[in-house]
Amino acid sequence: MERPLLPKAYEPQEVEAKWYRFWQEQGLFRADETSPEPPFSIVIPPPNVTGDLHMGHALNNTLQDILCRARRMQGYNVLWVPGTDHAGIATQNVVERQLAGENLDRHQLGREKFIERVWDWRRIYGGNIINQLKRLGASCDWSRERFTMEDGLSLAVRRVFVSLYEQGLIYRGYRIINWCPRCTTALANLEVDAEDYGGHLYYIRYSVVDGEESLVVATTRPETMLGDTAVAVHPQDERYRALQGRKARLPLVGRELPIIADPHVDREFGTGALKVTPAHDANDYEIGQKHGLDTVRVIDDRGIMSGAAGSYAGLDRFACRTKVVEDLKAQGYLLKTEAYRIRLGHCYRCKTVIEPTLSEQWFVAVKPLAAEAMGAVREGRTRIIPAMWEKNYFDWLENIEDWCISRQIWWGHRIPAWYCRECGEVVVALTDPAACGRCKGATLVQDEDVLDTWFSSALWPFSTMGWPVETPELERFYPTSVLVTAFDILFFWVARMMMMGLHFMGEVPFRDVYIHALVRDAEGQKMSKSRGNVIDPLVIMDRYGTDAFRFTLAAFAAQGRDIRLAEERIEGYRHFVNKLWNASRFTLMNLDGSSLDEPQPPPEQLADRWILSTLQRVIREGTEALESYRFNDYASSLYQFTWHEFCDWYLELIKPVLYGEHPRGRRITQLILAHSLSAILRLLHPIMPFITEELWHHLAVNGGSIMSAAFPQADPTLIAPQAEKEMTLIMGVTTAVRNIRGEMNISPAAQLAAVVYGPEGSLQLLEAHASSVRDLARLSTLTLCRDGDRPRLAASAVVGELEIFLPLEGILDFQEETRRLQKEIGKLEPELARAKKKLTNEDFLGRAPAEVVAKEREKSDRLGAKLQKLQEQLHRLVKLAGGR
RNA sequence: AGGCACGUAGCUCAGGGGGAGAGCACUACCUUGACGCGGUAGGGGUCUGGGGUUCAAAUCCCCACGUGCCUACCA
């Protein structure tokens, strides 16, 4: 069969789109919920609908795709569930910005109209990231794409909320929460990023009522003093003993504050006296609860000073701080100000400084759920890989606090709670209630708030499969096989999925959790838009091709280490892609119409036996690497094998056979060449889906997708130690000749004669493969000698038991050759000395395992013999030079 | 303040008790019928420092220094 010649270089652009379409048309990504094959399932970490593909997504989804594609080829029934997250705050922010461009805000629009706008937005832009995932080659089952706000998943959310409420695990409470004044919503503790902040510590004097004394408090937030309702000191603090139980007067305001004693106060910090603002500080609130203090909210939902702040009302909280400090100073209350670094909470979405605020919110009592989640990992029902992350997982779950789940935004799952206007009853129900369960009143008002986005994400592994309906998907694919994610959402997402999965499915959501690295820039900085160091994966894919990019990510994905991505590396791997292309091009040119899928004959030639033997090892090691999520080992062993074993040695070795005149031998080699390349393509396909598919269609006859081809399995009967040994000899001799050539600056084109001395056995091996060595080393003749005088005027080398001489009458540079031999000797001597020293050490001989001693002895003998030969060669040369 | 990683060739990183490795970069040579996105050869490292365990340490342990990250209610 005639096949067109491939172009000289691989051009990824048109190829990629073509094959992705083909895979989809063929339905190759589809999972079959009725298939009897063993299931393998993954749920995608759903990207935000507002998102664009960044490096983190690219890595995350490349790794998942590698697993899915390999498993599919191994015969598993693979389900990779894709989808997006509605990302409450982020999406609402985006649409609000859009509105702002029209001089509108959401309140002008009203809740219903606003929600419509968000859905419109989603229809237009929400598919962005999905298309970008397709561009990456992700083999998700798109027929099962999910969105956290769609009906089915919303039903799951409501069901879970109602159940947890009925079980007493969801409750409503009035307490200090994290408040973002810009997003005007409560946040969970996790959604607050602590960041270093260069602030000040202000020392403020409070006078004591009915006395001459005063006491000084230290604070970083003077503006909150307007809401102070006490001053606290440590009960055992002698300095303040006399003041306990008396009252202090609040400067600027004049309010009288009780001076209370509480062990929470740190005597070492500041002055040992603490101003207590229960409405704006979590600790102060606790103290307030204990001592029955009033709460005065002086900062409102937008971060503006409230009416309770008296003359400061209407000021922004930061402006107010400045004003308060000025006034304190003017009135002599400010003793001193120190620069002070503090870690302050910031909104993880908009970076605004968080305001701790007293507020009524919904909470999940997570402790009992967390206990289950810890147990499952402790019992090994879910493995966290690498295991070092287990510690983080346990630490967090052990110290977990109740989860604030209500958000004061509009875009999200509305809390299914209604309040009766007549009797105040709270109704929590699966279906919207028509009347109050207690007083039968019909005026029910639904809670305005929506749920934390992560609440719905926590249900993702089972809600995407149809829960609460008992679907065949759940039956087959839950628990999922593995969750692939980065550590930054271990708590946000993984731990919560564990809790919800265990609680509602009675089974862990995944068998394995593979935690991969974070992608950073070449300097190790986190990539971020504000730093301007973002490398856009889409640009990279345009520039280098998706396969080169994916290969780079896989090759870098070593466990437990961040990835520093430099563009040069991607370029390097593009060369590898091109190398594969050209190896295939060569193969295609030399197959005479044989195809990749013809049965493979038993190998006869050394090169064939050797490449198949090496291939089996690569398959075995590669499969093991993949099964233990060592993606980098997988990638680099394939790189090494393809480039160095297959291209550098094997292809060169078989050229004479392919160009030669022995039809039978040529035929066998063609088929083994075809088979080896086929295995390489199939092994590489999970990492580099596009080029392997393209080449597969050029080289295979059946027209099917490489996705449906079987993943290579190692055949131990093809492992041939003898062939590997013989190849080692051939490669050694070849390299030695090339080395002399290189160091002596002899043109690669010059044909050289070589004379080899050595014992019978090695010579026979060499003789059997003499023509290969002649070709590889560009030798005109290869003369084998049992003994006799060594050639004069020759460059020489030692390989194993063999001595190699290249007679270079007329062109030998004595000095250069002398230097070369001395260098070799110089490398050998310390190594031999080290081995000999070990062998004279009684302790080593007595305590080291026998095989280590034997190995050391063998090494010493070998190096000794080699050194002796080299020294003889050097002496001969020096004598000769002296005699001239 | 605690915890977790990491410090190996100029750069990016593998390795992980018994002969220092890769890719890129560098140097020299090369239109050898797949590939110059290539070939061949070469140079380059007291494996951060110091102790300890061991017959043997880049590898295990301790300490120090440096870097990064996570967690925490000292205002």
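Small disclaimer: the values here were computed from a predicted structure and weren't measured. Computation of the quantities below employed the complete heavy-atom set of this structure, encompassing side-chain atoms and omitting hydrogens, waters and symmetry-equivalent molecules. In the text below, chain A, chain B and the rest are named by the order of the sequence lines, each starting its count at 1.
Contact annotation for A:A749: no contact, since no heavy-atom pair falls under 4.0 Å across all strands. A:T735 comes within contact range of the sugar-phosphate backbone alone, with a heavy-atom separation under 4.0 Å but no base atom that close. Residue A:R343 is classed as a base contact, given a heavy-atom separation below 4.0 Å to a base. Counting non-hydrogen atoms under 4.0 angstrom, A:K859 reaches a base of the nucleic acid. Within 4.0 Å of A:H644, counting heavy atoms only, lie sugar-phosphate atoms of the nucleic acid but no base atom. Residue contacts shown for A:R820 are absent, as no nucleic acid heavy atom lies under 4.0 Å away. Using a 4.0 Å heavy-atom distance criterion, A:D284 is classed as making no nucleic acid contact. Heavy atoms of A:L651 sit under 4.0 angstrom from at least one base atom. Residue-level contact check: A:A282 touches neither bases nor backbone, having no heavy atom under 4.0 Å from any strand. Residue A:Y285 is classed as having no contact, given no heavy-atom separation below 4.0 Å to the nucleic acid.
B:G49 and B:G43 have their C1' atoms separated by 28 Å, given to the nearest Å.
When both distances must be under 3.5 Å, the Watson-Crick or G-U wobble mate of B:U59 does not exist. B:G45 is unpaired under the Watson-Crick or G-U wobble criterion, no partner having all donor-acceptor distances under 3.5 Å. Remark: B:C6 base-pairs with B:G66. Criterion, Watson-Crick or G-U wobble with two distances under 3.5 Å.
A donor-acceptor contact under 3.5 Å links the side chain of A:K655 to the base of B:A34. For a distance-only test at 3.5 Å, the side chain of A:K579 qualifies as a donor-acceptor partner of the base of B:C35. The base of B:A56 has none of its N or O atoms less than 3.5 Å from a complementary donor or acceptor on the side chain of A:E856.
Between A:R585 and the phosphate of B:C35, there is a side-chain N or O to OP1/OP2 separation shorter than 4.0 Å. In terms of phosphate contacts, A:K823 brings a side-chain nitrogen or oxygen within less than 4.0 Å of OP1 or OP2 of B:G43.
With ring centers used as reference points, A:W389 lies 6.0 Å or more from A:Y393. Proximity of the aromatic rings of A:F551 and A:Y573 is defined here by a centroid distance below 6.0 angstrom, and this criterion is met.
Among B:A75, B:A34, B:C37, the nucleotide with an atom closest to any side-chain atom of A:V265 is B:A75.
Residue-to-nucleotide proximity on RNA chain B shows that, of A:L201 and A:P849, the 5′-proximal contact is made by A:P849.
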